[in-house]
Engineer: 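Quick one: the structure is below, questions incoming.
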Number of protein chains: 2
Amino acid sequence: MAAHKTDEFGKKEQDLAAFAKAISHPARIAILKVLAQRNECICGEIVEILPLAQATVSQHLKALKEAGLINGTVSGPKSCYCINWEAFDNFQSSFNTLFDKLKNSNQKSCC
Amino acid sequence: MAAHKTDEFGKKEQDLAAFAKAISHPARIAILKVLAQRNECICGEIVEILPLAQATVSQHLKALKEAGLINGTVSGPKSCYCINWEAFDNFQSSFNTLFDKLKNSNQKSCC
DNA sequence: CTTGTTTATCGTTTTTATACGATAATGCAA
DNA sequence: TTGCATTATCGTATAAAAACGATAAACAAG
């Protein structure tokens, strides 16, 4: 009975929802904070900081990468991640566009 | 094997993640748009608009209500929903605070 | 070449989300 | 009171997310 009927919504709604889902887990927010602090992109240091197993952290990194929020390259045996600032700005402005559009109405809470 | 270890992260991360999760589904974004357009709070009209069953829409409305993004009151046999603008502003500023804090670093993408 | 380090992926388990039909509950109208 | 419309909840099924151990792959160093 087909869970997930997301196809039947507009592309904007889908993109925004996907973005939101990418940051809908505290671990992924924490990862973004770490990556933003240390501009020299980190890899296994994230595993040290987060209270999660290495495999789990790798999974979250993959999710963030697939959402386009971070870049990742392999450098030798290590992996180097960093924030994709361009996508990040798009992300933020998409959110604010949505919020502002919603607020264009008269903002009368009837209940 | 305990899925969900969210307790081990900071409260801010958790709150933000919860907010993001609330809008991480296109149906819920669509609901917010409908509610913002029609300031006279709607109820079953949302069911007409969305390509989802009544029970599913009710579930999404419940999720948005529990996240604090909308208010809901029963008026007779019908239910009246509308956006909680105060919570919505908090939501938006939380997001922008996070984004701006992240962008305080030098924004050098190393990979 | 072998060893050790680092990280991604696989397989699995548990939990949560999504979706819907059916039903219950609520109150309006006749 | 009886019926009708509206909506929330229950039960259930399927899919996705979250977490981890184990393993494989890639490479540096010896």
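For the numbers below, each heavy atom of this structure counts, side chains included, while hydrogens, waters and symmetry mates do not. Letters go in sequence order (proteins before strands), and every chain restarts at 1.
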Engineer: Between N or O atoms, less than 3.5 Å apart, protein on one side and nucleotides 8-10 of chain D on the other: list the pairs.
Structural biologist:
unit_1, atom_1, unit_2, atom_2, d
dA8(D), OP1, Ser79(B), OG, 2.8
dA8(D), OP1, Tyr81(B), OH, 2.6
dA8(D), OP2, Ser58(B), OG, 2.7
dA8(D), N7, Gln54(B), NE2, 2.8
dA8(D), N6, Gln54(B), OE1, 3.0

Engineer: Can you check the Ile46(B) CD1 to dA19(C) P distance for me, whole Å?
Structural biologist: 15 Å

Engineer: Hey, does the side chain of His25(B) come within less than 4.0 Å of dA19(C)'s phosphate (OP1/OP2), counting only N and O?
Structural biologist: yes

Engineer: Using atom CG of Leu64(A) as one end and atom C1' of dA8(C) as the other, report the distance to the nearest whole Å.
Structural biologist: 15 Å

Engineer: Can you tell me the distance, in whole Å, between the NE2 atom of His60(A) and the C1' atom of dA8(C)?
Structural biologist: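 Taking atom C1' of dA8(C) as the reference, NE2 of His60(A) is at 15 Å.
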
Engineer: Grab the two heavy atoms, one from Ser24(B) and one from Ala20(A), that are nearest each other, plus how far apart they are.
Structural biologist: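 Scanning both residues, the minimum pair turns out to be CA-CB, 3.8 Å.
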
Engineer: Describe, in one word, how the ring planes of His25(B) and Phe9(A) are oriented to each other, choosing from parallel (under 30°), tilted (30 to 60°) and perpendicular (over 60°).
Structural biologist: perpendicular

Engineer: Any side-chain N or O of Thr56(B) below 4.0 angstrom from OP1/OP2 of dT18(C)?
Structural biologist: no

Engineer: Side-chain N or O of Lys21(B) versus OP1/OP2 of dA17(C): is the shortest distance under 4.0 Å?
Structural biologist: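 The answer is yes; a side-chain N or O of Lys21(B) sits under 4.0 Å from OP1 or OP2.
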
Engineer: Whole-Å distance between dA19(D) P and Leu52(A) CG?
Structural biologist: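 Rounded to the whole Å, the gap is 6 Å.
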
Engineer: Once you measure the plane-to-plane angle for Phe99(A) and Phe95(B), does it fall in the parallel (<30°), tilted (30-60°) or perpendicular (>60°) bin?
Structural biologist: tilted

Engineer: Take atom CD of Glu66(A) and atom P of dA8(C), then tell me their distance rounded to the nearest Å.
Structural biologist: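 Taking atom P of dA8(C) as the reference, CD of Glu66(A) is at 12 Å.
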
Engineer: Do Leu64(A) and Ile49(A) share a hydrophobic cluster, counting only Ile, Leu, Val, Met, Phe, Trp and Tyr and linking them when any side-chain heavy atoms are less than 4.5 Å apart?
Structural biologist: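 Yes, it is one cluster - the side chains of Leu64(A) and Ile49(A) are joined through contacts under 4.5 Å.
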
Engineer: Can you tell which of dT6(D), dG21(C), dT7(C) lies closest to the side chain of Ala53(B)?
Structural biologist: dG21(C)

Engineer: Can you label the angle between the Phe19(A) ring and the Phe91(A) ring as parallel, tilted or perpendicular, going by 30° and 60°?
Structural biologist: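 Because their plane-to-plane angle is under 30°, the rings of Phe19(A) and Phe91(A) count as parallel.
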
Engineer: Under the criterion side-chain contact (heavy atoms from CB on, under 4.5 Å), which of Leu61(B), Val57(B), Leu52(B) is the partner of Val47(B)?
Structural biologist: Val57(B)

Engineer: For the atom pair CG (Asn84(B)) and CD1 (Ile70(B)), what is the distance rounded to the nearest 0.5 Å?
Structural biologist: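 Answer rounded to 0.5 Å: 9.5 Å.
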
Engineer: Of Arg28(A) and Cys43(B), whose closest DNA chain D nucleotide lies nearer the 5' terminus?
Structural biologist: Cys43(B)

Engineer: Of the candidate nucleotides dT7(D), dC27(D), dT26(C), which contains the atom at the shortest distance from the side chain of Pro77(B)?
Structural biologist: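 Per side-chain heavy atoms of Pro77(B), the pick is dT26(C).
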
Engineer: How many Å lie between CD1 on Ile29(B) and C1' on dT18(C), as a whole number?
Structural biologist: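 Computing the Ile29(B):CD1 to dT18(C):C1' distance gives 16 Å.
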
